[in-house]
Amino acid sequence: MSELETKLQSCFAGVFPALPPNKITEASTLTVEDWDSIAHEMLITTIQEEFQVQLRDDEVEHLTSYKAWLERLK
């Protein structure tokens, strides 16, 4: 696992503590019951701080899965 993946999984684990670690890479708005608008905002903030990136509003509305976030951050 790359450093990027480790850091991203840590962000997801912080926002979704009930999500089992082995399910993080499959996480999406369709598979995580707790992924609501508040959790999405928390995830955006957490990831922006962790990776020192600033994302546009129109960009983050499409980042609705772990895989989408991973691709965006690569």
Side-chain angles (χ1 to χ4, degrees):
M1 183 180 331
S2 71
E3 181 181 351
L4 179 130
E5 291 171 296
T6 301
K7 289 170 63 173
L8 184 57
Q9 286 185 25
S10 178
C11 292
F12 269 75
V15 174
F16 304 110
L19 187 63
N22 64 331
K23 298 291 185 186
I24 290 175
T25 60
E26 300 303 318
S28 76
T29 55
L30 300 175
T31 63
V32 179
E33 187 176 319
D34 295 337
W35 194 327
D36 57 14
S37 61
I38 295 170
H40 192 70
E41 287 298 321
M42 289 175 56
L43 188 60
I44 292 165
T45 301
T46 301
I47 291 172
Q48 287 186 137
E49 288 175 3
E50 179 66 32
F51 290 93
Q52 297 296 302
V53 296
Q54 186 63 41
L55 304 170
R56 298 181 321 269
D57 289 341
D58 65 325
E59 198 174 15
V60 296
E61 68 186 43
H62 301 290
L63 297 172
T64 58
S65 70
Y66 172 87
K67 290 177 182 177
W69 276 103
L70 183 60
E71 286 302 312
R72 169 55 185 85
L73 293 169
K74 284 186 176 180

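Not measured: the values here are computed from a predicted model.
Rounded to the nearest 0.5 Å, atoms CD (Glu3) and CE (Met1) are 12.0 Å apart.
Applying the side chain to side chain donor-acceptor pair (under 3.5 Å) rule to Gln48 yields no partners; only residues at least two apart in sequence or on another chain are considered. Residues satisfying the side chain to side chain contact (heavy atoms under 4.5 Å, CB included) criterion with Pro17, sequence neighbours excluded, are absent altogether. Not counting sequence neighbours, the partners of Glu71 by the salt bridge (charged side-chain N to carboxylate O under 4.0 Å, His left out) test are Lys74. In terms of the side chain to side chain donor-acceptor pair (under 3.5 Å) criterion, residue partners of Ser2 (sequence neighbours excluded) are, by chain and number, Glu5. When the salt bridge (charged side-chain N to carboxylate O under 4.0 Å, His left out) test is applied to Glu26, the partners found at least two apart in sequence or on another chain are Lys67. In this structure Glu61 satisfies the side chain to side chain donor-acceptor pair (under 3.5 Å) test with no other residue, sequence neighbours excluded. Here Asp58 pairs with Arg56 under the salt bridge (charged side-chain N to carboxylate O under 4.0 Å, His left out) rule; sequence neighbours left out.
Pairs engaging residues 37-47 under the salt bridge (Lys or Arg N to Asp or Glu O under 4.0 Å) rule: none recorded [sequence neighbours left out].
Cluster partners of Tyr66 are Leu4, Leu8, Phe12, Val15, Phe16, Leu19, Ile24, Val32, Trp35, Ile38, Met42, Leu43, Ile44, Ile47, Phe51, Val53, Leu55, Val60, Leu63, Trp69, Leu70, Leu73, counting Ile, Leu, Val, Met, Phe, Trp and Tyr whose side-chain heavy atoms approach within less than 4.5 Å, directly or via other members.
Between Ala68 and Thr64 the shortest heavy-atom distance is CB-N, 4.3 Å.
With a 6.0 Å radius and a threshold of 12 heavy atoms from other residues, nucleotides or ligands, Asn22 has its CG atom above the threshold.
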